[in-house]
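Lettering of chains follows the sequences in order, A, B, ..., and the numbering in each one begins at 1. In what follows, every heavy atom counts, from backbone to side chain, and hydrogens, waters and symmetry copies are set aside.
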Amino acid sequence: MTIDLTQFHDAFYEESFEAIGQMEEALLRLDAGTPDLELINTIFRVAHSIKGGSATFGFGEIASFTHTLETLLDELRGQRMKVTSALSDLLLRSVDVMREMLRAQQGRLAVDAQRVADLQFDLELAVAQKGNSAAVTAVPAAAAAAATTPAPAAEAVRGTLYRIIFRPFLHLLARGNDPLRMFRELRDLGDLQVTADVSALPAFDELDPENCYLSWTLQLRTEATRQAIVEVFDWAEGDCTLEVSALETEPAAVPTGPSADTAGAAAAIERPAGIAHAEEAEPRAVKAGDAAKGSDASSIRVSIEKIDDLMNRVGELVITQSMLGQFGALLDGAAGERLRSGLSQLERNVRELQESVMRVRMVPISFVFSRFPRMVRDLSQRLGKQVELKMTGGETELDKTVLEKIGDPLVHLVRNSIDHGIESQQQRQASGKDARGTVHLHAYHRGSSITVEVSDDGGGLKRERILAKARERRLVGSDEQLSDEAVDNLIFLAGFSTHDQATDISGRGVGMDVVKRNVDELGGSIEVRSETGKGSRFIITLPLTLAIVDGQTVAVGDESYIVPLTAIVESLQMRTASVNHVVGHGEVLSFRGEYLPVVRLEKVFEARCGREREPSNGLIMVVEGDGRRVGLCVDELLGQQQVVVKTLEANYGHVDGIAGATILGDGSVALILDIAGLTRSVSESLAA
Amino acid sequence: MDATAAKSVATPVPASHAEQYLTFQLAGQTYGVEILRVQEIKGWERPTRLPHSPDHVQGVINLRGSVVPILDLRRRFGLGETEYGRTTVVIVVKVDTARGELTAGIVVDAVCEVCNISADNLRPPPEVGSAIDSDFVRGLAMVGDGMLVLLDVVHLVNRTLTDPASAPKAA
């Protein structure tokens, strides 16, 4: 029977990467103190299901590696080995290798086979060396092999006899499950007898060769736990019914030969009771399983594309509804009245629908946070500092597109905090602090934005050094006096890095300016608060979503443009504003003691835009982007609304000065101005 | 109008090597594009102008939620301006490019019909002497007593929208 298994690969990769993440997380928590058996079980389950999956798909290398890993984990689970920090390092390295192998498999790239082999050897060595380290070093592979196969023949008679009734659903095979593989795995656990039930087989001409009509009753005598048996069927969960019941427990019943008969008879008599007991136990076990899988069952994976499609359709619905609204306003009489009340209900429903769809795109920020424990652990080890990472507000939700882009800036900030912020242990102790430094990641909602704070209890920003550096680089005049806050914010200027020695952790020329630019690009802001000797706090504020912008619609001639509300400082009447011509600078606006360049879209956009109807009679809007202010000439302000951002890049390309487009209530397209881009191009053209 | 309708009825059933083309009028000449590239035909309405775009990009329109650029074929081929009238339409095409699938609209004077053109009927484009860049011509075909210029719409849209020389002044 050939089934194209490749169709399941994506799901396998996605689930495996997620599972590896969980495994890593569990491993990191394991590091902290005495091993929690539940954590070890979690880790074991991940290794086990990746092994099963990769074996099913024929990824031999991954299966073999995870098998070795599983062997080691099984020793830990059976408490035959102890969790040491060396061992958890080894396991973490295994996690990296597993991830790499999966990635290589996914991208059809080559794996560093030597590294895999080395690590696999180390794992085998660790298993072999449990207890007595001296004796076994010479033959690690053999010893590991012995440990892997729990010698079925010799000890077959020991352990518990389980009855497993395995009734697959018809589609079991189509889901990529192979009963044979499962039975082989069971056979590894102990002495197995399999009886197939063929009663459900249809007549030959009705038989669909891709369906599974068979069910099986298996008897397994094993020392393994019930849990271990159920785990063999993990991959078939939801594709079969499974009953596992202990028929008899036989604690060393066999050693005395003659009494075997009586023991058997006794067991036979007790059997009904045994079954009853097992059946009692069954529902409980199932419930526990349900709880563990609860999060899986109540969520589904949906591609972003489908959600975007849904968003587009809802957007169309909004336009249709507003068209109907305009039409409804024209109708008189009772019918018109009823139409309008229906329409207002429609409007409400559509708005709620739009909000619900937006919410679908939201994911908790913990997806980004989850990479930090490992990073902090590795970094602090490398730097010889003791750092504790605290993370709060991981459940705070934000749009997936924002989430994807916030990762790098946060990584940079956390690295900076550990490398530059937290002092060395000696320094900390000398200044009477806890030798262990703390880095705190905190996320929370504020209005329609999300704030993420990265704070540390280190030495704070070193203002004299920052100022000296800024003067040296001529970013600040030598006699200019700056407030503490202004000095702190100098670190966001381009090409600024104060660390005396560039380390390989941070300070490779890319500094806070890159972080700031990334945050700006997302339409957010970053600020820093610092207290000498007590630490510093970086506060990033980001919009919850990039898909919607709060905008002011403005008219310029016969075109409408959207100006993001966050960019608008103030709007003035052109008549009352003082606009002057300055030679070499064009028009300038005198605004609160500042002279701002005046931007006329007609000039910037080379006339491929709306032309101002009344150049001297319109409005001038003071807008700010990228830290610079300009005066933007518009004819009139049309209204404020939330607009759904559409990219121009999908079918056309990037356009300077334009952040995107949106669709107005009348179905026409309006361009969203990129104020930061505009101000930049204005100051460049002035400089040129 | 009657004549074209009659002709389209008379068009033979697809032969094995025949491809279907949508034909349209542009400055007195009939052109054809592969029907499989055509997503829809819609009436022309004034698009939103795009800053920094070449002359032959009229702007963008809303096509059921996506923002789609509109190409002015007369300007692209240097065929002079004309009044937009009731027959002026936009042919919306979907083409594969290096960046993925693009949707774009092409403004033409009027659409005519769908006709089958077999491979034997196709002549290679002349090297010179055509009003338009021969790069964009797939071939010529005789239909009835007229000549049909078959456009390579994939190449046309690709060059117009993604070529650095003629397309958006991208960053």
Any donor-acceptor N/O pair, A:Asn651 side chain to B:Val68 backbone, under 3.5 Å: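 Not a single qualifying donor-acceptor pair exists.
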Could you give the distance from [atom1] ([X]) to [atom2] ([Y]), rounded to the nearest 0.5 Å?
| X | Y | atom1 | atom2 | result |
| --- | --- | --- | --- | --- |
| B:Leu102 | A:Tyr652 | CG | OH | 11.5 Å |
| B:Arg46 | A:Glu559 | CZ | CD | 4.5 Å |
| A:Ile663 | B:Ser66 | CD1 | OG | 7.0 Å |

For the student: nearest non-hydrogen atoms of [X] and [Y], plus distance:
| X | Y | value |
| --- | --- | --- |
| A:Leu671 | B:Arg49 | CD1-O, 3.4 Å |
| A:Leu648 | B:Val60 | CD2-CG1, 4.1 Å |
| B:Val67 | A:Thr647 | CB-O, 4.4 Å |

How about B:Pro51 and A:Ile658: do any of their side-chain heavy atoms sit closer than 4.5 Å?
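The answer is yes, as the side chains (C-beta and beyond) meet within the 4.5 Å cut-off.
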Open item on the list: I'd like to check B:Asn62 versus A:Lys646 (side-chain heavy atoms, cut-off strictly below 4.5 Å). Are they in contact?
Closed with: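 B:Asn62 does not reach A:Lys646 side chain to side chain.
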Verify the neighbour count for atom CD of B:Glu101: are there more than 12 heavy atoms of other residues, nucleotides or ligands below 6.0 Å?
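Yes.
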- Query: Just wondering, are more than 12 heavy atoms of other shown residues or ligands nearer than 6.0 Å to OH in B:Tyr84?
  - Reply: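 Above 12, so yes.
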At a heavy-atom separation under 4.5 Å, does B:Glu45 approach chain A through its side chain, its backbone, both, or neither?
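Neither part.
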